[in-house]
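Everything quoted here is computed from the prediction, not taken from an experiment.
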Amino acid sequence: MAKKVKSAALFVLLLAVFLGMFAAFGPGLYNDSDQYMKMHIHREPLYPIFLLLLRTICGEGEGWLILMGIIQNMLAAFSIWYMAEYVGRRFRLCLWQEAAVAVIGILPYVTTIFFSALHLVMTNGVMSEGVCLPLFTIYMTECFKMAAETERRTVGRAAAVSLCLAFVLSLTRSQMMLTILMWLVVLGAKIVFRKPQERDGKGTGLPRKALGGRLLRVSAAAGAVACVFVLRLLAVKSYNLVFNGHFINNTYGPVNTLTNILYSADREDGERIGDEEARDFFYRMYDLTEDRQANYKYAGDSLREKTEHIEEWHDTIKYEMIEDVFYQTYDKYVTSDYIIQNLMADETAGKIMKGILPGCFPRWCVNYLLIARYGLIRSIAVVHPVLNWVAACIYLSAFVLMGLAYRKDKKSRAVRVMAVALLAVAANVAAVSITIMCLSRYMIYGFVPFYTAYFLLLTECYRGYIGCPAGMGKRSLRELRGRNQDRVNM
């Protein structure tokens, strides 16, 4: 009963924090909010439908913004409580330790207010991050279960729930399609490396699976992933058919990807573009980057100068040197229908990339790594000349702690959880760096899983240092030693 009371108290406290932030700052409209409300062809379907339902329920006026803020903040509070409750139970954390995990969960929502470019309150704004980050936290909790649990039913349930969440997340932000592939990696590793001595909930030893049986399970998981991708494609196209009149996927992906490739190109790379119209578009775009010194040639010498130059010019290249060139031409000579314009722009962008990428690929790779470097930093810290080194030390120390914990206990659950958290960070950075720059609001997803896993590693290593068995606190250890001493005295 005491445990339930503490759990309820933690949830109520989290609700008070998030609803308090909503009361203090109120709902927010940002650059992309209008596209979500108008169900723009660029945007994934789930969040625009969510907003449409709220507007339908609340009718005219701005009451739907209040309801949106309440729902998003409640979801954020629940997600943090859900992760804190699971790791607290699985790793037998005491009250202050579970509270520390909850504080870690709150930090991303607070830090973006002060350190992000828009100074946004994510749970208050009309932006998909308001639901995507909490759902991702719940998804990561289920992935932690897959990695840490040994009972087959629990692992199977976590696998089913996390795959459903990955599907939902992929319909919220295209960036989150990485969760589907990440699910396959986590479950595949669980199947391949599951030890025969791990036992199910009834204490019955699991028989050693033949290699063929394990490969069959991995193949089944891969098939499930393929089905989810097909379902997502059908869902997106059906949404666009209903609300935009075209049975098509979301547009703008190729245009986004072209931005960093154009930044890395030389003018002579355009000679490789086979399509004459696409080649003409490229030259016009490239000349704009030269006129404004917006390509790699003007980036400076140091890694910092190069990375900051990319980030400074990324949006300008995308909007003023690619989009405007496409859409002004289409407006004048083809059509003003923005959906048709998007489809044509994506097709032409693909032709341009196919032609110029072979010539500028080495430079693009270097720039990709520079963008990814800042993405790794922003996943756990704030970009700053001093904090950059701090972030590197934190990553290094995480691997050191993993080694120490694994050396102490080959079955360490904290090591498994950290491996999943690092996979999430790496996957998010790798995916985002291809198409856009790694802004804080895109990278913040890795913060809670990483620092939660880091805290669990510290706790496990500390328990090993003071001689506590895994999952046993210091007080419990003293009581055990006292009982043993009593037996000796008898």
Side-chain angles (χ1 to χ4, degrees), residues 6-22 46-47 50 67-91 93 97-113 120-125 127-148 157-173 175-176 178-179 182-183 186 379-380 417 420-421 424-425 428 440-456:
K6 292 176 182 178
S7 176
L10 177 62
F11 182 60
V12 170
L13 184 60
L14 287 168
L15 274 179
V17 169
F18 279 94
L19 293 178
M21 284 200 304
F22 182 61
L46 190 63
Y47 194 67
F50 167 67
L67 182 59
M68 174 211 68
I70 292 173
I71 292 173
Q72 290 182 177
N73 279 279
M74 289 180 67
L75 180 61
F78 172 79
S79 68
I80 296 170
W81 172 84
Y82 187 75
M83 177 172 280
E85 279 294 292
Y86 169 69
V87 298
R89 182 177 65 256
R90 166 43 65 195
F91 292 88
L93 303 181
Q97 291 171 325
E98 192 170 328
V101 173
V103 170
I104 291 171
I106 294 172
L107 285 177
Y109 299 94
V110 176
T111 54
T112 53
I113 299 174
L120 51 87
V121 186
M122 286 186 291
T123 49
N124 291 9
M127 56 192 313
S128 59
E129 286 90 343
V131 297
C132 197
L133 180 55
L135 289 175
F136 184 79
T137 300
I138 300 172
Y139 164 83
M140 286 301 300
T141 305
E142 297 302 317
C143 287
F144 286 172
K145 289 180 184 179
M146 280 199 290
R157 184 165 52 246
V161 173
S162 56
L163 183 59
C164 291
L165 285 169
F167 175 66
V168 171
L169 283 164
S170 72
L171 292 174
T172 307
R173 290 186 65 83
Q175 165 190 355
M176 287 292 111
L178 67 90
T179 58
M182 182 181 158
W183 177 87
V186 175
S379 295
I380 64 169
V417 166
V420 173
V425 170
N428 189 38
S440 297
R441 70 177 186 271
Y442 305 143
M443 295 296 101
I444 204 71
Y445 296 95
F447 187 97
V448 174
F450 177 83
Y451 280 110
T452 298
Y454 196 94
F455 181 76
L456 296 176

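A heavy-atom distance below 4.5 Å is found between the side chains of Val448 and Pro108. With contacts defined as side-chain heavy-atom distances shorter than 4.5 Å, the pair Glu98/Glu85 qualifies. Side-chain contact between Tyr445 and Gln175: present, with at least one pair of heavy atoms (C-beta onward) separated by less than 4.5 Å. In this structure the side chain of Ile104 never reaches within 4.5 angstrom of the side chain of Tyr454, judged on heavy atoms.
Annotation for Leu10 and Ala102: closest pair CD1-CB, 3.9 Å, computed over non-hydrogen atoms. Contact detail for Pro449 and Ala421: the closest heavy-atom pair is O-CB, 3.5 Å. Here the closest non-hydrogen pair linking Ile138 and Leu75 is CD1-CD1, 4.5 Å. In this structure, Met176 and Ser170 approach most closely via the heavy-atom pair CB-N, 4.1 Å. Gln72 and Tyr47 get closest at one heavy-atom pair: OE1-OH, 2.6 Å.
For the atom pair OH (Tyr82) and OG1 (Thr141), the distance works out to 6.5 Å, reported to the nearest 0.5 Å. Here the OG-CE distance, from Ser79 to Met74, works out to 12.0 Å after rounding to the nearest 0.5 Å. To the nearest 0.5 Å, atoms CE (Met140) and CE (Met83) are separated by 6.5 Å. Rounded to the nearest 0.5 angstrom, Ile106 CD1 and Met21 CE are separated by 7.5 Å. Annotation: the span from Leu13 atom CG to Lys6 atom NZ amounts to 15.0 Å, rounded to 0.5 Å. Expressed to the nearest 0.5 Å, how far OG1 of Thr111 lies from CD1 of Ile444 amounts to 4.0 Å.
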N/O donor to acceptor pairs below 3.5 angstrom from side-chain atoms of residues 161-169, sequence neighbours left out:
| from | atom 1 | to | atom 2 | distance (Å) |
| --- | --- | --- | --- | --- |
| Ser162 | OG | Ala158 | O | 2.7 |
| Ser162 | OG | Ala159 | O | 3.1 |
| Ser162 | OG | Trp183 | NE1 | 3.2 |

Under 3.5 Å, sequence neighbours excluded: what are the donor-acceptor pairs made by side chains of residues 129-137?
| from | atom 1 | to | atom 2 | distance (Å) |
| --- | --- | --- | --- | --- |
| Glu129 | OE2 | Arg173 | NH1 | 3.2 |
| Thr137 | OG1 | Leu133 | O | 3.0 |

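Here the side chain of Gln97 pairs no donor or acceptor atom with the backbone of Gly88 at under 3.5 angstrom. At least one donor-acceptor pair closer than 3.5 Å links the side chain of Tyr139 to the backbone N or O of Thr179.
For Asn73, the side-chain hydrogen bond (donor to acceptor under 3.5 Å, both in side chains) test picks out Thr123, Asn124, with sequence neighbours left out. Not counting sequence neighbours, the partners of Phe11 by the ring-ring contact (aromatic ring centres under 6.0 Å, His included) test are Trp81. Every residue meeting the side-chain contact (heavy atoms from CB on, under 4.5 Å) condition with Ile380, not counting sequence neighbours, appears here in chain and number order: Ala391, Ile394, Tyr395, Phe450, Tyr451. For the ring-ring contact (aromatic ring centres under 6.0 Å, His included) test, residues two or more places apart in sequence or in another chain that qualify with Phe18 are Tyr109.
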Please step through side chain to side chain contact (heavy atoms under 4.5 Å, CB included) for the pair Met68 and Phe50, ending with a clear verdict. CA-CA 9 Å; Met68 174 211 68; Phe50 167 67; 4.1 Å; yes
